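To start, the structure under review is shown below, and the notes come after it.
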Amino acid sequence: MSAVEWLFGSRPQAKMDRLPDGAVQRVGGGNWTVLGGAGGAAGLPAVTEYTAPSIAAVNACVKLLAGAVAALPMNLYEMDFATGAKRQLWGEDLWWVLNEQFHPRWTAAAGWKYMMRSRLFHGDAFAVIERNRGGGVLHLRPVAKSRITIYLLDSGRLVYAVHPETASVRQEVEYYDQADMLHVPGDGFDGLTSPSVLQFELRTAGAVALAGQEQAARFFANGMMPGLAITHTGELEPEQLDRLRADVERTYGGVRNFSRPLLLTGGLDAKEISISPQDAELLASRRFEVEEIARIYGVPPFMIGHNEKTTSWGSGVEAMGAGFVRYTLRDHLHAFTNEFNRKLFPRSRLFCEFDTSDLERPTFKDYIEGLRTAVGRAGERPIMSQDEARSKFNLPPVPGGSDMSPLASGSRPAADGAGGGQQQGN
(Lines give C-alpha, C1' and ligand atoms only; values in the text may rest on other atoms or scores of the structure.)
Protein backbone atom coordinates (compact mmCIF):
# COMPACT_ATOMS: atom_id res chain seq x y z
CA MET A 1 0.00 0.00 0.00
CA SER A 2 1.40 3.37 -0.98
CA ALA A 3 1.77 6.28 1.43
CA VAL A 4 -1.00 8.15 -0.35
CA GLU A 5 -3.36 5.17 -0.21
CA TRP A 6 -2.54 4.64 3.48
CA LEU A 7 -3.39 8.27 4.24
CA PHE A 8 -6.88 8.02 2.74
CA GLY A 9 -7.59 4.40 3.55
CA SER A 10 -10.43 5.27 5.94
CA ARG A 11 -11.87 8.37 4.29
CA PRO A 12 -15.17 7.80 2.41
CA GLN A 13 -16.38 9.55 -0.70
CA ALA A 14 -18.38 12.65 0.26
CA LYS A 15 -20.81 12.48 -2.66
CA MET A 16 -24.42 13.02 -1.57
CA ASP A 17 -27.63 11.60 -2.98
CA ARG A 18 -29.57 14.78 -2.23
CA LEU A 19 -29.09 18.30 -0.99
CA PRO A 20 -28.87 18.46 2.83
CA ASP A 21 -31.68 20.15 4.72
CA GLY A 22 -31.17 23.82 5.51
CA ALA A 23 -28.81 24.44 2.57
CA VAL A 24 -29.00 27.99 1.22
CA GLN A 25 -28.16 28.66 -2.41
CA ARG A 26 -25.36 31.20 -2.66
CA VAL A 27 -24.27 31.03 -6.30
CA GLY A 28 -26.67 30.25 -9.13
CA GLY A 29 -25.81 27.87 -11.95
CA GLY A 30 -25.79 29.11 -15.52
CA ASN A 31 -23.71 32.26 -14.98
CA TRP A 32 -25.71 34.16 -17.56
CA THR A 33 -23.53 37.25 -17.24
CA VAL A 34 -20.46 35.18 -18.03
CA LEU A 35 -21.97 33.45 -21.04
CA GLY A 36 -23.16 36.62 -22.71
CA GLY A 37 -26.34 37.66 -20.91
CA ALA A 38 -24.88 41.06 -20.05
CA GLY A 39 -23.92 43.54 -22.72
CA GLY A 40 -20.51 45.09 -23.24
CA ALA A 41 -19.35 48.35 -21.75
CA ALA A 42 -20.99 51.50 -23.17
CA GLY A 43 -22.85 49.57 -25.85
CA LEU A 44 -19.70 47.81 -27.10
CA PRO A 45 -19.72 44.11 -28.02
CA ALA A 46 -20.10 41.74 -25.05
CA VAL A 47 -16.97 39.82 -24.05
CA THR A 48 -17.86 36.16 -23.46
CA GLU A 49 -15.95 32.90 -23.34
CA TYR A 50 -16.84 32.49 -27.02
CA THR A 51 -15.87 35.95 -28.26
CA ALA A 52 -12.81 36.48 -26.03
CA PRO A 53 -10.61 33.87 -27.82
CA SER A 54 -11.17 35.77 -31.09
CA ILE A 55 -9.12 38.62 -29.59
CA ALA A 56 -5.56 37.70 -30.52
CA ALA A 57 -3.99 39.23 -27.40
CA VAL A 58 -6.44 37.49 -25.04
CA ASN A 59 -6.00 34.17 -26.80
CA ALA A 60 -2.21 34.50 -26.75
CA CYS A 61 -2.13 35.34 -23.02
CA VAL A 62 -4.45 32.49 -22.07
CA LYS A 63 -2.62 29.97 -24.25
CA LEU A 64 0.72 31.07 -22.80
CA LEU A 65 -0.37 30.83 -19.16
CA ALA A 66 -2.44 27.65 -19.54
CA GLY A 67 0.24 25.97 -21.64
CA ALA A 68 2.98 26.87 -19.15
CA VAL A 69 1.06 25.34 -16.23
CA ALA A 70 0.14 22.22 -18.23
CA ALA A 71 3.79 21.65 -19.19
CA LEU A 72 5.10 21.76 -15.61
CA PRO A 73 5.44 18.47 -13.74
CA MET A 74 3.74 18.29 -10.36
CA ASN A 75 5.84 16.19 -7.98
CA LEU A 76 4.85 14.46 -4.74
CA TYR A 77 6.96 14.90 -1.61
CA GLU A 78 7.06 13.71 1.97
CA MET A 79 8.31 16.18 4.58
CA ASP A 80 10.25 15.38 7.72
CA PHE A 81 8.68 17.73 10.25
CA ALA A 82 11.69 17.41 12.56
CA THR A 83 14.25 18.68 10.04
CA GLY A 84 12.11 20.31 7.34
CA ALA A 85 13.78 18.15 4.69
CA LYS A 86 11.61 16.80 1.88
CA ARG A 87 11.89 13.51 0.01
CA GLN A 88 10.39 13.05 -3.43
CA LEU A 89 8.00 10.12 -3.83
CA TRP A 90 8.07 7.97 -6.93
CA GLY A 91 5.64 5.39 -8.29
CA GLU A 92 2.54 6.77 -6.58
CA ASP A 93 -0.80 6.37 -8.35
CA LEU A 94 -1.59 9.99 -7.58
CA TRP A 95 1.50 11.10 -9.51
CA TRP A 96 -0.02 9.40 -12.57
CA VAL A 97 -3.28 11.30 -12.04
CA LEU A 98 -1.57 14.68 -11.64
CA ASN A 99 0.88 14.29 -14.52
CA GLU A 100 -0.57 11.86 -17.05
CA GLN A 101 -4.33 11.31 -16.76
CA PHE A 102 -6.79 13.32 -14.72
CA HIS A 103 -9.68 11.14 -15.76
CA PRO A 104 -10.39 8.53 -18.48
CA ARG A 105 -11.81 11.42 -20.52
CA TRP A 106 -9.07 13.89 -19.60
CA THR A 107 -5.34 13.79 -20.06
CA ALA A 108 -3.50 15.69 -17.35
CA ALA A 109 -2.37 18.34 -19.85
CA ALA A 110 -5.93 18.90 -21.05
CA GLY A 111 -7.19 19.05 -17.47
CA TRP A 112 -4.63 21.63 -16.37
CA LYS A 113 -5.33 23.76 -19.44
CA TYR A 114 -9.09 23.59 -18.92
CA MET A 115 -8.85 24.58 -15.26
CA MET A 116 -6.43 27.42 -16.07
CA ARG A 117 -8.68 28.75 -18.84
CA SER A 118 -11.64 28.59 -16.46
CA ARG A 119 -9.69 30.59 -13.88
CA LEU A 120 -8.45 33.11 -16.47
CA PHE A 121 -11.92 33.61 -17.96
CA HIS A 122 -14.39 32.99 -15.13
CA GLY A 123 -12.29 33.58 -12.02
CA ASP A 124 -12.70 30.07 -10.56
CA ALA A 125 -11.62 26.57 -11.57
CA PHE A 126 -13.42 23.42 -10.42
CA ALA A 127 -12.70 19.69 -10.48
CA VAL A 128 -14.52 16.83 -8.74
CA ILE A 129 -12.29 14.51 -6.69
CA GLU A 130 -13.49 11.01 -7.53
CA ARG A 131 -12.37 8.52 -4.87
CA ASN A 132 -12.18 4.75 -4.73
CA ARG A 133 -13.93 2.67 -2.07
CA GLY A 134 -11.09 3.16 0.33
CA GLY A 135 -11.20 6.93 -0.08
CA GLY A 136 -8.06 7.18 -2.21
CA VAL A 137 -7.95 9.65 -5.10
CA LEU A 138 -9.04 7.81 -8.24
CA HIS A 139 -9.68 10.62 -10.74
CA LEU A 140 -9.95 14.39 -11.03
CA ARG A 141 -12.86 15.51 -13.22
CA PRO A 142 -12.78 19.16 -14.36
CA VAL A 143 -16.17 20.89 -14.31
CA ALA A 144 -17.26 24.14 -15.96
CA LYS A 145 -18.21 26.98 -13.62
CA SER A 146 -21.53 27.31 -15.45
CA ARG A 147 -22.49 23.83 -14.20
CA ILE A 148 -21.79 24.62 -10.53
CA THR A 149 -24.24 25.84 -7.91
CA ILE A 150 -22.80 26.48 -4.44
CA TYR A 151 -24.90 26.00 -1.29
CA LEU A 152 -23.99 27.12 2.23
CA LEU A 153 -24.95 24.87 5.14
CA ASP A 154 -25.78 26.00 8.67
CA SER A 155 -22.48 24.44 9.78
CA GLY A 156 -20.59 26.79 7.47
CA ARG A 157 -19.51 24.05 5.08
CA LEU A 158 -20.16 24.28 1.36
CA VAL A 159 -21.99 21.84 -0.88
CA TYR A 160 -21.38 21.93 -4.63
CA ALA A 161 -24.18 20.93 -6.98
CA VAL A 162 -22.87 19.74 -10.35
CA HIS A 163 -25.50 20.03 -13.06
CA PRO A 164 -25.64 17.65 -16.07
CA GLU A 165 -23.35 18.39 -19.01
CA THR A 166 -26.13 18.43 -21.60
CA ALA A 167 -29.90 18.32 -21.45
CA SER A 168 -29.97 15.35 -23.86
CA VAL A 169 -28.00 13.10 -21.50
CA ARG A 170 -29.99 11.41 -18.74
CA GLN A 171 -28.03 12.63 -15.76
CA GLU A 172 -29.07 13.82 -12.34
CA VAL A 173 -27.63 16.68 -10.33
CA GLU A 174 -24.66 15.51 -8.27
CA TYR A 175 -23.95 16.95 -4.81
CA TYR A 176 -20.46 17.02 -3.31
CA ASP A 177 -19.16 18.14 0.05
CA GLN A 178 -16.40 20.74 -0.17
CA ALA A 179 -13.83 18.06 0.73
CA ASP A 180 -14.43 16.40 -2.64
CA MET A 181 -14.44 19.48 -4.84
CA LEU A 182 -11.26 21.24 -5.93
CA HIS A 183 -12.15 24.93 -6.07
CA VAL A 184 -9.23 27.11 -7.18
CA PRO A 185 -10.33 30.74 -6.70
CA GLY A 186 -9.10 33.84 -8.46
CA ASP A 187 -8.65 37.48 -7.49
CA GLY A 188 -11.54 38.96 -5.55
CA PHE A 189 -12.60 35.66 -3.97
CA ASP A 190 -15.20 36.35 -1.25
CA GLY A 191 -15.24 32.93 0.39
CA LEU A 192 -17.77 31.55 -2.08
CA THR A 193 -16.79 32.51 -5.59
CA SER A 194 -14.61 34.88 -7.60
CA PRO A 195 -15.68 37.59 -10.06
CA SER A 196 -15.52 36.81 -13.75
CA VAL A 197 -12.43 38.15 -15.51
CA LEU A 198 -14.50 38.50 -18.67
CA GLN A 199 -17.08 40.72 -17.01
CA PHE A 200 -14.71 42.85 -14.93
CA GLU A 201 -11.08 43.14 -16.06
CA LEU A 202 -11.87 42.51 -19.73
CA ARG A 203 -15.27 44.22 -19.79
CA THR A 204 -13.91 47.42 -21.35
CA ALA A 205 -10.50 46.48 -22.76
CA GLY A 206 -11.85 43.35 -24.41
CA ALA A 207 -14.93 45.12 -25.74
CA VAL A 208 -12.78 47.86 -27.28
CA ALA A 209 -10.58 45.20 -28.89
CA LEU A 210 -13.64 43.44 -30.34
CA ALA A 211 -14.98 46.73 -31.67
CA GLY A 212 -11.59 47.54 -33.23
CA GLN A 213 -11.53 44.15 -34.94
CA GLU A 214 -15.01 44.69 -36.31
CA GLN A 215 -14.04 48.14 -37.57
CA ALA A 216 -10.95 46.77 -39.29
CA ALA A 217 -12.97 43.89 -40.77
CA ARG A 218 -15.56 46.27 -42.21
CA PHE A 219 -12.82 48.46 -43.63
CA PHE A 220 -11.18 45.56 -45.47
CA ALA A 221 -14.53 44.05 -46.46
CA ASN A 222 -15.28 47.36 -48.13
CA GLY A 223 -12.14 47.02 -50.21
CA MET A 224 -10.32 49.61 -48.07
CA MET A 225 -12.32 52.28 -49.90
CA PRO A 226 -12.93 55.56 -48.04
CA GLY A 227 -16.43 56.82 -47.40
CA LEU A 228 -17.77 58.81 -50.33
CA ALA A 229 -20.42 61.47 -50.82
CA ILE A 230 -21.92 61.55 -54.31
CA THR A 231 -23.35 64.92 -55.22
CA HIS A 232 -25.48 66.17 -58.08
CA THR A 233 -26.06 69.68 -59.31
CA GLY A 234 -29.78 69.03 -59.66
CA GLU A 235 -32.39 67.25 -57.58
CA LEU A 236 -33.03 63.49 -57.83
CA GLU A 237 -36.24 61.64 -57.18
CA PRO A 238 -36.32 59.13 -54.26
CA GLU A 239 -36.47 56.24 -56.72
CA GLN A 240 -33.41 57.56 -58.52
CA LEU A 241 -31.49 57.91 -55.23
CA ASP A 242 -32.31 54.33 -54.21
CA ARG A 243 -31.28 52.99 -57.62
CA LEU A 244 -28.03 55.00 -57.55
CA ARG A 245 -27.14 53.79 -54.08
CA ALA A 246 -27.84 50.15 -55.02
CA ASP A 247 -25.80 50.44 -58.22
CA VAL A 248 -22.78 51.91 -56.40
CA GLU A 249 -22.82 49.29 -53.62
CA ARG A 250 -23.27 46.41 -56.08
CA THR A 251 -20.60 47.60 -58.51
CA TYR A 252 -17.91 49.01 -56.21
CA GLY A 253 -18.50 47.53 -52.75
CA GLY A 254 -16.55 44.61 -51.29
CA VAL A 255 -13.03 43.29 -51.53
CA ARG A 256 -13.48 41.91 -55.05
CA ASN A 257 -14.13 45.39 -56.41
CA PHE A 258 -11.16 46.97 -54.63
CA SER A 259 -9.49 49.70 -56.77
CA ARG A 260 -12.21 49.46 -59.42
CA PRO A 261 -12.59 52.88 -61.03
CA LEU A 262 -15.72 54.81 -60.06
CA LEU A 263 -17.63 55.90 -63.14
CA LEU A 264 -20.09 58.76 -62.69
CA THR A 265 -22.31 60.32 -65.36
CA GLY A 266 -25.11 62.82 -65.58
CA GLY A 267 -23.43 65.55 -63.52
CA LEU A 268 -22.63 63.30 -60.52
CA ASP A 269 -19.49 64.04 -58.46
CA ALA A 270 -17.78 62.05 -55.66
CA LYS A 271 -16.03 63.51 -52.63
CA GLU A 272 -14.17 61.66 -49.86
CA ILE A 273 -15.67 62.32 -46.45
CA SER A 274 -13.86 59.88 -44.17
CA ILE A 275 -10.31 59.99 -42.85
CA SER A 276 -7.69 57.31 -43.47
CA PRO A 277 -6.86 54.59 -40.90
CA GLN A 278 -3.52 56.28 -40.30
CA ASP A 279 -5.24 59.56 -39.45
CA ALA A 280 -7.66 57.75 -37.19
CA GLU A 281 -4.68 56.00 -35.56
CA LEU A 282 -6.46 52.67 -35.83
CA LEU A 283 -3.20 50.74 -35.76
CA ALA A 284 -1.90 52.69 -32.76
CA SER A 285 -5.15 52.03 -30.94
CA ARG A 286 -4.90 48.30 -31.55
CA ARG A 287 -1.31 48.26 -30.31
CA PHE A 288 -2.48 49.88 -27.09
CA GLU A 289 -5.18 47.22 -26.73
CA VAL A 290 -2.50 44.50 -26.84
CA GLU A 291 -0.55 46.21 -24.05
CA GLU A 292 -3.71 46.72 -21.98
CA ILE A 293 -4.75 43.07 -22.23
CA ALA A 294 -1.20 41.88 -21.50
CA ARG A 295 -1.23 44.13 -18.42
CA ILE A 296 -4.48 42.58 -17.21
CA TYR A 297 -3.04 39.07 -17.39
CA GLY A 298 0.39 40.11 -16.12
CA VAL A 299 2.14 38.86 -19.27
CA PRO A 300 5.15 40.75 -20.71
CA PRO A 301 4.00 41.95 -24.15
CA PHE A 302 7.05 40.47 -25.90
CA MET A 303 5.92 36.99 -24.81
CA ILE A 304 2.80 37.27 -26.98
CA GLY A 305 4.65 38.68 -30.00
CA HIS A 306 4.40 42.41 -29.19
CA ASN A 307 8.03 43.43 -29.59
CA GLU A 308 7.64 47.20 -29.90
CA LYS A 309 10.14 49.02 -27.65
CA THR A 310 11.47 45.63 -26.50
CA THR A 311 14.56 43.85 -27.76
CA SER A 312 13.79 40.37 -29.07
CA TRP A 313 17.05 38.85 -27.86
CA GLY A 314 19.54 39.25 -25.08
CA SER A 315 19.69 39.28 -21.31
CA GLY A 316 16.85 41.79 -21.00
CA VAL A 317 14.27 39.34 -22.40
CA GLU A 318 15.84 36.49 -20.40
CA ALA A 319 15.41 38.50 -17.20
CA MET A 320 11.82 39.35 -18.12
CA GLY A 321 11.13 35.67 -18.75
CA ALA A 322 12.37 34.83 -15.27
CA GLY A 323 10.26 37.67 -13.89
CA PHE A 324 7.23 36.21 -15.66
CA VAL A 325 7.66 32.96 -13.71
CA ARG A 326 8.39 34.76 -10.47
CA TYR A 327 5.72 37.45 -10.50
CA THR A 328 2.93 36.16 -12.79
CA LEU A 329 3.00 32.39 -13.06
CA ARG A 330 3.83 31.81 -9.40
CA ASP A 331 0.51 33.34 -8.33
CA HIS A 332 -1.41 30.76 -10.37
CA LEU A 333 0.83 27.88 -9.31
CA HIS A 334 0.46 28.75 -5.64
CA ALA A 335 -3.33 28.93 -5.96
CA PHE A 336 -3.41 25.40 -7.42
CA THR A 337 -0.92 23.82 -5.00
CA ASN A 338 -2.61 25.43 -1.99
CA GLU A 339 -6.02 24.02 -2.95
CA PHE A 340 -4.65 20.61 -4.00
CA ASN A 341 -2.63 20.17 -0.81
CA ARG A 342 -5.43 21.14 1.55
CA LYS A 343 -7.94 18.85 -0.21
CA LEU A 344 -5.70 15.90 -1.11
CA PHE A 345 -3.35 15.94 1.91
CA PRO A 346 -5.14 17.67 4.81
CA ARG A 347 -2.76 18.23 7.74
CA SER A 348 -0.35 15.67 6.34
CA ARG A 349 3.38 15.29 5.88
CA LEU A 350 2.67 14.70 2.18
CA PHE A 351 2.34 17.52 -0.31
CA CYS A 352 2.56 18.23 -4.04
CA GLU A 353 4.49 20.99 -5.75
CA PHE A 354 5.12 22.21 -9.29
CA ASP A 355 8.66 21.89 -10.63
CA THR A 356 9.49 25.19 -12.37
CA SER A 357 13.20 24.50 -12.89
CA ASP A 358 12.83 24.12 -16.67
CA LEU A 359 11.24 27.55 -17.01
CA GLU A 360 13.80 29.20 -14.73
CA ARG A 361 16.82 27.41 -16.15
CA PRO A 362 19.58 29.80 -17.33
CA THR A 363 21.64 29.40 -20.49
CA PHE A 364 23.25 26.01 -21.01
CA LYS A 365 26.71 27.42 -20.27
CA ASP A 366 25.62 29.00 -16.99
CA TYR A 367 23.67 25.87 -16.05
CA ILE A 368 26.67 23.60 -16.55
CA GLU A 369 28.86 26.03 -14.61
CA GLY A 370 26.41 25.98 -11.72
CA LEU A 371 26.32 22.16 -11.67
CA ARG A 372 30.12 22.02 -11.68
CA THR A 373 30.17 24.24 -8.62
CA ALA A 374 27.43 22.19 -6.94
CA VAL A 375 29.32 18.87 -7.28
CA GLY A 376 32.45 20.41 -5.75
CA ARG A 377 34.81 21.98 -8.24
CA ALA A 378 38.54 22.21 -7.39
CA GLY A 379 38.25 20.57 -4.00
CA GLU A 380 35.29 22.67 -2.77
CA ARG A 381 32.76 20.97 -0.51
CA PRO A 382 29.91 19.69 -2.77
CA ILE A 383 26.24 20.27 -2.15
CA MET A 384 25.19 17.76 -4.82
CA SER A 385 26.47 14.35 -5.92
CA GLN A 386 27.50 13.55 -9.46
CA ASP A 387 24.48 11.27 -9.85
CA GLU A 388 22.15 14.08 -8.75
CA ALA A 389 23.72 16.37 -11.34
CA ARG A 390 23.40 13.70 -14.04
CA SER A 391 19.73 13.22 -13.18
CA LYS A 392 19.10 16.79 -14.35
CA PHE A 393 19.80 15.50 -17.86
CA ASN A 394 17.99 12.17 -17.34
CA LEU A 395 21.31 10.32 -17.30
CA PRO A 396 21.75 7.08 -15.30
CA PRO A 397 23.91 6.80 -12.19
CA VAL A 398 27.58 5.88 -12.52
CA PRO A 399 29.83 3.90 -10.17
CA GLY A 400 30.91 6.18 -7.36
CA GLY A 401 28.52 8.90 -8.51
CA SER A 402 26.78 9.15 -5.14
CA ASP A 403 30.06 9.98 -3.33
CA MET A 404 29.73 13.44 -1.72
CA SER A 405 33.37 13.78 -0.65
CA PRO A 406 35.26 16.81 -2.06
CA LEU A 407 37.22 16.18 -5.25
CA ALA A 408 40.92 16.82 -5.08
CA SER A 409 42.24 19.54 -7.34
CA GLY A 410 43.11 18.14 -10.74
CA SER A 411 41.08 14.95 -10.33
CA ARG A 412 37.88 13.86 -11.92
CA PRO A 413 35.24 11.16 -11.29
CA ALA A 414 35.43 7.82 -13.04
CA ALA A 415 34.01 7.70 -16.56
CA ASP A 416 30.77 5.90 -17.39
CA GLY A 417 31.18 2.15 -17.08
CA ALA A 418 34.50 2.40 -15.29
CA GLY A 419 35.26 1.06 -11.85
CA GLY A 420 34.71 3.01 -8.64
CA GLY A 421 37.14 5.46 -7.14
CA GLN A 422 38.82 8.43 -8.80
CA GLN A 423 41.22 8.50 -11.68
CA GLN A 424 44.03 11.01 -11.91
CA GLY A 425 43.58 13.49 -14.74
CA ASN A 426 46.06 13.80 -17.57
Side-chain angles (χ1 to χ4, degrees), residues 1-9 11 13 62-79 85-120 124-132 134-144 179-185 324-326 328-346 348-361 367 387-397:
M1 179 181 295
S2 69
V4 176
E5 290 174 334
W6 174 83
L7 176 67
F8 288 105
R11 191 196 180 290
Q13 176 81 38
V62 172
K63 287 175 63 177
L64 174 68
L65 291 166
V69 172
L72 293 176
M74 176 173 265
N75 299 327
L76 296 176
Y77 298 93
E78 183 177 17
M79 177 178 288
K86 64 180 182 180
R87 178 177 65 89
Q88 188 170 351
L89 301 178
W90 302 95
E92 300 289 348
D93 292 339
L94 185 56
W95 183 93
W96 171 265
V97 174
L98 296 175
N99 292 275
E100 299 295 340
Q101 180 174 283
F102 266 27
H103 188 272
R105 291 171 48 191
W106 293 84
T107 65
W112 286 117
K113 285 185 177 181
Y114 185 87
M115 294 184 71
M116 268 297 290
R117 289 179 67 92
S118 179
R119 191 167 186 265
L120 294 172
D124 298 281
F126 298 91
V128 174
I129 305 173
E130 296 183 353
R131 303 184 186 274
N132 56 31
V137 178
L138 187 63
H139 301 126
L140 300 178
R141 175 161 50 94
V143 180
D180 280 326
M181 176 66 73
L182 290 172
H183 180 182
V184 185
F324 166 70
V325 176
R326 190 172 299 121
T328 297
L329 199 59
R330 185 172 63 175
D331 175 62
H332 298 286
L333 300 182
H334 180 69
F336 277 101
T337 55
N338 187 220
E339 177 67 3
F340 275 55
N341 284 326
R342 82 186 190 101
K343 294 291 178 67
L344 302 183
F345 316 106
S348 167
R349 66 183 183 278
L350 304 178
F351 66 96
C352 58
E353 186 176 75
F354 285 101
D355 182 359
T356 61
S357 57
D358 282 348
L359 294 181
E360 298 176 293
R361 182 174 295 179
Y367 189 57
D387 284 347
E388 289 174 325
R390 289 172 61 84
S391 69
K392 302 299 182 182
F393 298 97
N394 295 321
L395 297 175

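What you see is a predicted model; the values in this text were computed from it and never measured. Counting begins at 1 with the first residue of the sequence.
Among residues two or more places apart in sequence or in another chain, the side-chain contact (heavy atoms from CB on, under 4.5 Å) test is passed with Lys63 by Asn59. Partners of Glu353 according to the salt bridge (Lys or Arg N to Asp or Glu O under 4.0 Å) rule, which considers only residues two or more places apart in sequence or in another chain, are Lys86. Applying the side-chain hydrogen bond (donor to acceptor under 3.5 Å, both in side chains) rule to Asp331 yields no partners; only residues at least two apart in sequence or on another chain are considered. Under the rule for a salt bridge (Lys or Arg N to Asp or Glu O under 4.0 Å), the partners of Arg87 that lie at least two apart in sequence or sit in another chain are Glu78. The salt bridge (Lys or Arg N to Asp or Glu O under 4.0 Å) search around Arg141 returns Glu130, Glu174, not counting sequence neighbours. Under the rule for a side-chain hydrogen bond (donor to acceptor under 3.5 Å, both in side chains), Asn394 has no partner lying at least two apart in sequence or in another chain. Remark: Asn341 pairs with Thr337, Phe345, Phe351, Cys352 by the side-chain contact (heavy atoms from CB on, under 4.5 Å) rule, at least two apart or across chains. A search for side-chain contact (heavy atoms from CB on, under 4.5 Å) contacts involving Ala110 returns Trp106, Thr107, not counting sequence neighbours. Applying the salt bridge (Lys or Arg N to Asp or Glu O under 4.0 Å) test to Asp124 and every residue at least two apart in sequence or in another chain returns Lys145.
For Ala70 against Lys113, the heavy-atom pair with the smallest separation is CB-CG, 3.7 Å. Taking all atoms of both residues into account, the shortest heavy-atom contact from Gly111 to Pro142 is CA-CG, 4.1 Å. Residues Ser118 and Ala125 share a closest heavy-atom pair of OG-CA, 3.9 Å.
To the nearest 0.5 Å, atoms CG (Asn75) and CD (Gln88) are separated by 4.0 Å. From Leu72, atom CG reaches atom NE2 of His332 across 12.5 Å, with rounding to the nearest 0.5 Å. In this structure, Leu329 CG and Thr356 OG1 are separated by 8.0 Å, a value rounded to the nearest 0.5 Å. Here CG of Leu94 is found 7.5 Å from CG of Leu140. Values are rounded to the nearest 0.5 Å. Rounded to the nearest 0.5 angstrom, Tyr77 OH and Leu350 CG are separated by 13.0 Å. Rounded to the nearest 0.5 angstrom, Ile129 CD1 and Lys343 NZ are separated by 6.0 Å.
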Output a table of donor-acceptor pairs, distance under 3.5 Å, between side-chain atoms of residues 96-103 and any protein atom two or more places apart or on a different chain; print 'none' if there are none.
| residue | atom | partner | partner atom | Å |
| --- | --- | --- | --- | --- |
| Asn99 | OD1 | Met74 | N | 2.8 |
| Asn99 | ND2 | Met74 | O | 2.8 |
| Asn99 | ND2 | Trp95 | O | 3.0 |
| His103 | ND1 | Arg105 | N | 3.2 |

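Side chain of Arg330 to backbone of Arg326: a donor-acceptor contact under 3.5 angstrom is found. Remark: the backbone N or O of Pro185 is paired with a side-chain donor or acceptor of Arg119 at under 3.5 angstrom. With hydrogens and angles ignored, the 3.5 Å screen pairs a side-chain donor or acceptor of Ser391 with a backbone N or O of Glu388. At distances below 3.5 Å, not a single donor-acceptor pair connects side-chain atoms of Arg349 with backbone N or O atoms of Met79.
Exactly one of Phe336, Phe340, Phe126 qualifies for a ring pair (Phe, Tyr, Trp, His ring centres under 6.0 Å) with His183. That residue is Phe126.
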Side chain to side chain contact (heavy atoms under 4.5 Å, CB included), that's the test. Do Leu65 and Thr328 meet it? Break it down for me.
CA-CA 9 Å; Leu65 291 166; Thr328 297; 3.9 Å; yes

